[in-house]
Structure formats: structure tokens, C-alpha cells
Amino acid sequence: MIADNIKAIQEQLGDAKLVVVSKYRTISELKEVYDCGIRDMGENRVQHLMDRYEALPKDIRWHMIGHLQTNKVKYIAPFIALIHSVDSVKLLNEINRQAAINQRTIPLLLQMHISDEDTKSGLDAKGLEEIIQLAVYGKNIWPNVEIQGLMGMASLTENSEKVQNEFRRLKNVFEQIKRDHNQNLPHFNILSMGMSSDYRVAILEGSNLVRIGSAIFSTN
Ligand SMILES: *Cc1c(COP(=O)(O)O)cnc(C)c1O
């Protein structure tokens, strides 16, 4: 069942990469996902990342996709493959600090607020610009992080035109940053957008990484 779902989704992704969102799932379900060849898995809670990292094979690349508190960065810094949800200078400073302590570079995405939902997570255009300016002109202030792109979540709505417009806006911001700063941000290549309900729209709008959970584990 899981294998069939993964296969059906992969056939629609083209070159986009699939991160299987493992939240709420059992270790045995995740082993099944692993046996399908999936090596990228995502979680939105630090504690769950730590538990699963311990319990599952070490060649899985773990993605942090949920809101990350500064004081919890230290727990995932040794092993995290990509943090999708960076939305403040303070958090960037701490990721850089913990990466240095672990003698590594931590790849991350900047999360932009694109929906009309009133959540606290995600940068607005101004906050995003501020971080890009610091990264580009700030005299290498974050030597142990690699800003690899953007992440965004569209509104939860049946209105696919609205979802499409939100993704399109994120894609435009992504392209503009790439164009303006490709010298200074050579690794800025990932556009993380699309989940179970909207990944088809996201792919059409230029996503190259989707984060999918429920569509893989549903039984119908
Ligand atoms: C849960 C979650 C997903 C996956 O959602 P599904 O609807 O289960 O595919 C993707 N991204 C984030 C940030 C999430 O929290």
C-alpha cells in the first residue's frame, strides 16, 4: 500500500525531490518507506526527529520542516540534513553557532509566509530581504550555514487558483534572489513547496522539493 502510493506520487514529480513526512507514523511504517528506497524524511518536532534518528538507519537524511525554537537547535545540529523553517536572524545565529560546535555546515531554507493564514511562522518580504542582505553583505557572518533556498506553505483551501497564486509569488521571489545573488549564494537552488493536498499545483509552479505525508500513508 505504502509502496504503491509512493510509486504513484513519484510518477508525477518529474525532477522534483520527495521528502516523506513521517510525523504521526510508526517506526514500522517508516521502515516500509525506507525499503521503497526513500532516504529523505521530514518531521516537524525536534523530539520526534531525535527519536527517529536513533531508531532508523543512519543513511536517512532528516529534514526539519516545523517551527524551530532557538533553544532546541542543539539537539538536531549533529545530524540534521536540511532545516526548512528558518524565519529569524536569531535562529540563523544559533544554527550557525551549533553547526560550528559540531564542526559542520548546516544546510537550510528560509521560510516565507505566503498564505493569508495568521500563523507566526514564516518571514514577510521585508524580513526575508533583511536576511539575504546580511548573508550577502554581512562579511560572512554565518560561515557554518548554507542557505540553499526557500520554503513556503500555501493556504489550506479548495481554491486552487489561490494556492497557485501563492506558490507563484514564492517562485518569483526565489528566482529573483537567484538572479541577484548567484555569486554570493551559490547553493541557492531549492524551492520547497507542496504537500499532499497541493503538490500537483506546486510542481506546475516550479517546486523542486515536495513534503508529502498523508497521501503516502492513506489506505484508499
Ligand atoms: C505535515 C506537514 C507536511 C505534510 O503534510 P501532508 O498533508 O500530510 O502531506 C508538509 N509540510 C509541513 C511543514 C508539515 O508540517
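Both ligands and their constituent atoms are indexed starting at 1 by order of listing.
Near ligand 1, V21, K23, I65, M153, M195, S196, R211, I212, G213, S214 each place a heavy atom less than 4.0 angstrom from the ligand.
Residues D198 and A154 share a closest heavy-atom pair of OD2-CB, 3.9 Å. Closest non-hydrogen pair, L191 versus N208, comes out as N-OD1, 2.7 Å. Between R211 and S192 the shortest heavy-atom distance is NH1-OG, 2.9 Å.
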Pairs under 3.5 angstrom only: tabulate donor-acceptor contacts from the side chains of residues 14-24 to other protein residues two or more places apart or in another chain.
residue	atom	partner	partner atom	Å
S22	OG	G42	O	3.2
S22	OG	E43	OE2	2.7

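For residues 128-139, every residue pair satisfying the side-chain hydrogen bond (donor to acceptor under 3.5 Å, both in side chains) rule, not counting sequence neighbours, is listed here: E129-Q133.
Residues that satisfy the side chain to side chain donor-acceptor pair (under 3.5 Å) test with R168, not counting sequence neighbours, are E205.
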